[in-house]
Amino acid sequence: MAASLDLVGTARLLTDTGLVRADSGVVVSRELTGLDQVADLTTLKGIARLLLVRRPPDWLRTAVVDGRLAPEFIPSPDLEAMSWIGPELEPIVVSAHHHLYATVDDTLLKRLGDAGELAVMSALQCKGLQPRHVALISDRFGYDIELDTVAQRQGLEIKTAVRSTAARILISRHEFEVARRMGERWKIVQVTFSTKVIARGVATASDIEAIRELSSARLVELAPMESSVFRWVDTAEFRPHASMWSPSDLVIATNFTSSLDDS
């Protein structure tokens, strides 16, 4: 109640965020005008979203992971202060996050994927092997890293995740066809990083929580045959059971580091 009666503080917040401008009179922004018809809970929630967008708290950048709210990244006092929003807190925070960071997130996911590939390259080189990072050349290979052994050429498709996204993998139709054609010479290597790398903007060997592998046979086993009720388009999401994965013997170099920032 005390906060709701802090008219000076409320006025300062509205002007600081640009939602209200004081010239010869009070000028209300178009965004806020659209919410001033009825003073109900829906309106208050709309204003809450506006404030998140206009003055994003430090935690907003990392509080949404894979399109879902990760409340563990929100400080307890802030989480408690927003408890009045109820179950709509997640869509409001996710919407504000998307508005501010959608384009940035696409870039971040690409860099996180690159970090996973570089980590595996590091581990293979530590074993004295000579892998080729073919993903830097083209995606036509159907895998990211190529490795020649005494007996055969292998293709490694690297999938990078954080713990909340590790249960699913996205596979393009081309990757799937290459996996089916190469058989046991193709496999997925999944590298799972701590979510700390997102906030810190750099990934290191100590941030890697798990490395595991999925064979092409397991992948093909999961996919239904094309029929009148199922067909491939560009990509498909697979959710292999935990028992289908195998632990990897790859060990990342202790000095491995990969920047997720623009620099």
Side-chain angles (χ1 to χ4, degrees), residues 1-4 6 9-10 12-14 16-19 31-32 35 39-113 115-116 159-170 190-204 206-212 237-242 245 258-262:
M1 177 65 74
S4 65
D6 181 13
T10 300
R12 184 177 295 115
L13 177 61
L14 292 174
D16 287 350
T17 55
L19 292 173
E31 296 165 294
L32 191 56
L35 296 169
D40 59 6
L41 191 57
T42 299
T43 298
L44 291 176
K45 291 176 180 178
I47 294 173
R49 180 191 176 280
L50 271 180
L51 292 174
L52 282 173
V53 170
R54 288 301 187 95
R55 180 176 278 184
D58 294 338
W59 49 259
L60 182 58
R61 180 68 186 80
T62 55
V64 175
V65 179
D66 194 34
R68 299 295 302 275
L69 179 65
E72 63 270 24
F73 292 109
I74 303 177
S76 297
D78 288 4
L79 197 58
E80 185 174 346
M82 296 186 295
S83 61
W84 63 270
I85 298 176
E88 291 183 55
L89 177 62
E90 178 165 5
I92 286 174
V93 173
V94 170
S95 173
H97 180 279
H98 181 78
H99 180 88
L100 292 169
Y101 306 119
T103 302
V104 176
D105 273 2
D106 289 342
T107 302
L108 178 61
L109 289 175
K110 171 65 169 62
R111 288 177 180 154
L112 190 63
K159 297 299 180 184
T160 310
V162 293
R163 188 179 305 175
S164 62
T165 64
R168 69 184 184 94
I169 50 176
L170 295 177
Q190 185 188 65
V191 180
T192 301
F193 282 103
S194 162
T195 50
K196 293 178 182 177
V197 303
I198 299 174
R200 201 170 61 233
V202 63
T204 67
S206 62
D207 294 313
I208 294 175
E209 296 184 341
I211 305 178
R212 57 182 182 173
E237 178 181 305
F238 291 83
R239 292 180 177 266
H241 189 273
W245 292 92
S258 180
S259 174
L260 308 183
D261 291 333
D262 293 331

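What you see is a predicted model, and the numbers here were worked out from it, not measured in a lab. One is the number of the first residue; the rest follow in order along the sequence.
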For Gly116 against Val191, the heavy-atom pair lying closest together: O-CG2, 4.0 Å
For Ser194, all residues meeting side-chain hydrogen bond (donor to acceptor under 3.5 Å, both in side chains), sequence neighbours excluded: none
Heavy-atom side-chain proximity of Pro240 to Ile169 below 4.5 angstrom: yes
Where Leu260 and Ala115 come nearest, the two heavy atoms and their spacing: CD2-CB, 4.2 Å
Backbone of Ala166 reached by a side-chain donor or acceptor of Gln190 within 3.5 Å: yes
Side-chain heavy atoms of Thr195 within contact of Thr62, under 4.5 Å: no
Separation between OG of Ser258 and CZ of Phe193, rounded to the nearest 0.5 Å: 7.0 Å
Non-hydrogen atoms of Pro56 and Val53 that approach each other most closely: CD-O, 3.5 Å
CD (Glu80) with more than 12 external heavy atoms under 6.0 Å: no
Euclidean distance, Ile211 CD1 relative to Thr192 OG1, rounded to 0.5 Å: 9.0 Å
Contacts of type side-chain hydrogen bond (donor to acceptor under 3.5 Å, both in side chains), residue Asp58, not counting sequence neighbours: none
With Trp59 via side-chain hydrogen bond (donor to acceptor under 3.5 Å, both in side chains) - residues at least two apart: Asp78
Test item: side-chain donor near acceptor, Arg68 and Ser164, under 3.5 Å: no
Member of Arg163, Arg200, Lys196 meeting the salt bridge (Lys or Arg N to Asp or Glu O under 4.0 Å) criterion with Asp207: Arg200
Residue from Leu79, Val93, Leu89 passing side chain to side chain contact (heavy atoms under 4.5 Å, CB included) with Pro71: Leu79
Nearest-0.5 Å distance, CD1 of residue Ile198 to CG of residue Leu112: 6.5 Å
Shortest non-hydrogen contact between Val197 and Ala203, atoms and distance: CG1-CA, 3.9 Å
Considering all heavy atoms, the nearest His97-Leu60 contact: CD2-O, 3.1 Å
Heavy-atom check, side chain of Trp84 versus side chain of Lys45, under 4.5 Å: yes
Backbone of Leu69 reached by a side-chain donor or acceptor of Glu90 within 3.5 Å: yes
Contact summary for Ile74 and Met82, nearest pair of heavy atoms: CG2-CE, 4.1 Å
N/O donor-acceptor pair under 3.5 Å between Thr165 side chain and Val162 backbone: yes
Side-chain (Lys159) to main-chain (Leu170) donor-acceptor, under 3.5 angstrom: yes
